[in-house]
Undergrad: 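Handing you a structure now.
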Amino acid sequence: MRNPIDEFLKSTRMRTKMFVVTVVLVGFFMGLSLYQSLIIHKKTAMDQVTRSSYNLMENIYSAIKFPMSIGDEKTIKEQMKHVKEHIDDIQVYILDFRQQISYASEKERVNSSMEKYLNGNESRKALVQALATGKAPGESFPDIENKKPFLVTIKPILNESSCRHCHGTGRKVLGATVIKQHVGDVLAAIVQTRNRLVIYFATALVGLVLFINFFFSRLVSQRIRLLGKKTGQVAAGDVTVKVIDDHQDSIGALSRNFNQMVKSIRDRMEYANSLKLGISDPFFTVDPEMNVVFINEAAARLVGLSHEEATGMPCCEVFHGSICKDECPIKKALETGEATVGQRATIKNQKGREIPIMASSALLKDSLGKVLGGFEIIRDLTAEVEAEKRLKHAYIREGKAKLAAEAAARAKSDFLANMSHEIRTPMNGVIAATDLAMGEDSPPKVKHYLGIIQSSAYSLLEIINDILDFSKIEANKLNIETHPFLLDEVIDRVNNMFMSKAVKKGIELLVDIDLEAPNALVGDSLRLQQVIKNLVDNAIKFTKKGGSILVGVKTLGKTSDMATLEFFIKDTGVGITPEYVDKLFKPFTQADTSSTRKHTGTGLGLSICKRLVELMDGRIWFESESGKGSTFSFTVRLGRQSADQKRKFVVPGKTVVQEEAMYTQVIATEVLQTKVMPLLKQLAGALELADPEEINISFKAVKEHMDFSTLRELENQLNDYDYGKALKSLEEIAANIGGRLN
């Protein structure tokens with residue numbers, strides 16, 4: 001549906017549009033100003049009438065106030081008569097609280113209801129409100145009587161002290177004074193003023209519109225017409241035009257931008273011609289009938305034709321290609337309008353040689369979107385195709401070499417695994433035979449030789465086991481088993497392995513297990529023990545006499561069926577120098593690789609530990625300072641048994657080993673004092689009361705947390721009901737763990 005306003009604007013000249021806009025805008029603002037002036041004038045006139053009404057009311061009320069207070073009706077009537085005779089167009093009414101007119105300038109209206117002479121709803125409501133509240137409305141109200149306009153002013157008459165001798169104190173409002181002032185002359189004056197203002201504003205509007213229109217015609221219309229003429233010349237193809245306009249306003253800026261635009265068009269045309277001639281890749285254009293319009297030297301040289309020979313020929317006769325019939329890029333662009341980028345094909349030159357190419361093409365259009373033809377850029381891929389062939393042959397050779405290397409690696413791993421197994425079998429026989437021979441009565445010299453054989457056999461077996469595990473890891477044949485086990489038993493086995501070795505070297509071997517760590521777990525206890533064993537073995541190997549090694553367990557998190565534990569082995573050994581930090585967990589790596597190194601080993605232990613920990617969903621790391629010791633830590637994720645078993649503690653004794661392991665005693669004593677002492681005190685209380693049932697319950701609680709060997713004598717005394725000796729034994733047990741029953 002056509003919009004008549006749009007149609008009018010499209011078919012109207014600029015000057016007419018500017019004239020209409022000027023009339024509308026100036027008329028709007030001047031009309032607004034006229035309206036405001038009329039409103040202000042009318043309000044001012046009416047405010048003056050209102051003030052005169054209020055002044056008259058105050059004067060009349062002052063004149064009748066005293067006569068009313070003494071009941072002098074004659075004076076009041078004289079006052080009303082005086083108002084009627086001397087003040088034109090004014091009606092004065094004195095009402096009682098029932099709106100009955102008591103006195104009036106209009107004698108005939110006395111003793112009638114004031115409501116009859118108030119025709120406006122606002123004035124009636126205001127009168128009722130004033131009689132009810134005793135408050136003057138604060139404004140006057142318009143009213144009509146016999147088609148004449150009036151302004152009604154109301155003031156309540158209050159029951160003041162001078163009136164109470166007649167009216168008493170029962171009513172707050174005795175009545176009201178109402179003045180109706182005729183305002184016909186005022187409104188007529190307002191109309192006359194309005195007419196004069198309208199004539200003035202209309203004259204000013206015409207003059208202002210004519211002036212503005214002349215101003216715009218001189219400064220805008222003529223310059224725009226000139227600019228329109230120049231743009232028409234550019235549209236006709238003349239790009240040499242120029243607009244002369246030195247004004248610094250927006251039209252002057254538009255003229256300068258127009259000149260710059262024409263110059264830019266000329267530059268782009270020159271650039272396009274230069275670009276067309278300067279493209280180094282083969283390039284040509286065709287018309288809509290697929291005839292060659294332009295071909296550069298590179299394209300002509302590619303097909304073996306001259307520039308003049310190729311121009312005007314059909315495209316398919318210039319380029320004898322595999323894509324000319326079905327997949328021609330330019331033909332596709334002309335038919336569908338879609339550009340083609342990087343299409344690979346082959347063409348033949350005039351000698352019949354096939355040339356691999358990559359073609360990109362698109363349409364050529366004018367500014368109106370009319371298709372003028374198409375263009376195509378060709379890239380000769382001869383060198384790339386040859387390089388791809390060479391790369392493909394090299395890739396095939398590399399693949400074969402990789403397969404051969406992988407086969408060799410598998411063969412090496414299988415060989416190591418088989419050979420390690422074949423060597424370990426006779427080594428077990430050597431160790432068994434040596435152990436048996438050590439048990440026989442032999443001369444000391446033979447015993448010495450057997451000891452050397454035994455020690456060497458165990459060292460060789462350890463090396464073989466490392467090589468076997470590493471070969472299994474390399475071949476991905478090492479599996480993690482899952483079975484129930486007790487954490488205490490794993491730690492105890494490791495301690496038993498190294499206790500004599502630690503004592504012999506003068507090293508403290510300490511254990512610190514988190515009390516919150518679950519004891520009954522599910523996982524591969526042998527592989528867990530292997531990791532701890534390797535780390536403890538390394539710690540003993542690199543810790544000097546008088547040092548200490550702490551084997552600890554922390555709880556990182558646990559649920560009803562899973563637990564994540566952190567194990568750490570802390571020593572006071574020689575530490576690790578910074579240059580070996582990054583390669584410590586790599587296979588066949590040792591901190592000391594010289595032929596004179598003090599410590600033996602394959603360099604596989606930490607690498608195996610790392611792989612085992614990763615197979616148990618954990619990680620391994622270390623912290624070390626050269627000369628001050630190292631701490632190796634690792635985490636594992638293990639299952640939990642449905643019924644956890646409580647950890648039992650052994651009371652520290654006084655054996656030689658335990659006397660040397662002072663820190664171990666401190667750790668054990670702290671645990672026993674925390675867990676066991678309250679139970680021992682509870683049992684002592686039951687013994688003092690000689691309550692068999694309570695003694696039995698308390699002793700069972702103690703047995704759940706302590707090793708049976710510590711409690712054997714105490715249990716015998718309880719079975720014999722010898723509570724005195726049992727209490728003394730209980731005191732000795734408490735003293736051994738650093739506590740007292742009292």
Side-chain angles (χ1 to χ4, degrees), residues 1-55 89 119-126 136-145 147-154 179-225 227-228 245 247-254:
M1 183 178 179
R2 293 185 176 182
N3 189 330
I5 297 178
D6 291 341
E7 293 295 329
F8 170 76
L9 293 175
K10 290 177 182 179
S11 61
T12 306
R13 296 173 57 191
M14 175 61 72
R15 187 170 182 177
T16 305
K17 294 178 184 177
M18 294 174 61
F19 179 77
V20 172
V21 171
T22 303
V23 170
V24 171
L25 292 178
V26 174
F28 173 76
F29 287 108
M30 294 192 70
L32 187 64
S33 177
L34 174 62
Y35 175 77
Q36 189 70 19
S37 299
L38 293 175
I39 292 297
I40 293 173
H41 178 72
K42 182 177 180 180
K43 185 176 185 303
T44 302
M46 296 305 293
D47 287 344
Q48 291 178 353
V49 175
T50 301
R51 283 196 298 272
S52 66
S53 296
Y54 272 104
N55 292 334
D89 299 326
N119 299 313
N121 291 329
E122 292 183 356
S123 56
R124 289 181 178 181
K125 291 179 180 178
E139 60 178 320
S140 298
F141 304 95
D143 203 86
I144 301 295
E145 182 179 335
K147 298 182 180 181
K148 293 182 180 181
F150 284 85
L151 200 65
V152 178
T153 305
I154 301 171
I179 293 179
K180 291 178 63 178
Q181 183 174 0
H182 182 254
V183 292
D185 295 339
V186 176
L187 295 179
I190 292 173
V191 170
Q192 290 178 0
T193 303
R194 179 194 63 193
N195 294 337
R196 287 195 298 270
L197 287 174
V198 169
I199 294 172
Y200 168 75
F201 274 96
T203 304
L205 173 63
V206 172
L208 187 59
V209 167
L210 292 176
F211 173 76
I212 293 175
N213 187 58
F214 174 77
F215 178 79
F216 273 108
S217 176
R218 294 286 296 176
L219 296 182
V220 179
S221 301
Q222 293 180 4
R223 296 162 64 196
I224 291 178
R225 283 198 299 271
L227 191 58
D245 191 332
H247 289 76
Q248 299 302 314
D249 55 14
S250 58
I251 299 179
L254 182 62

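In this chain, residues are counted from 1 in sequence order.
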Undergrad: Taking atom CZ of Arg124 and atom CG of Asn119, what is their separation to the nearest 0.5 Å?
TA: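 Rounded to the nearest 0.5 Å, the CZ-CG separation comes out at 6.0 Å.
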Undergrad: Specify the closest pair of heavy atoms between Asp143 and Ser123, including all atoms of both residues, with the distance to one decimal.
TA: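 Closest approach of Asp143 to Ser123, heavy atoms only: OD1-OG, 3.2 Å.
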Undergrad: Quick one: CZ on Phe141 to CG on Asn121, what's the gap to the nearest 0.5 Å?
TA: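 Taking CZ in Phe141 and CG in Asn121, the distance rounds to 12.0 Å.
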Undergrad: From Gln192 CD over to Leu197 CG, what is the distance, rounded to the nearest 0.5 angstrom?
TA: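 Answer for the CD-CG pair, Gln192 versus Leu197, is 12.0 Å.
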Undergrad: Do Val152 and Ser140 have side chains that approach each other closer than 4.5 Å (heavy atoms only, starting at C-beta)?
TA: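 Sidechains of Ser140 and Val152: no contact.
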Undergrad: Do you know the tightest heavy-atom contact between Glu122 and Pro142?
TA: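 Heavy atoms only, the tightest pair is OE1-CD, 4.4 Å.
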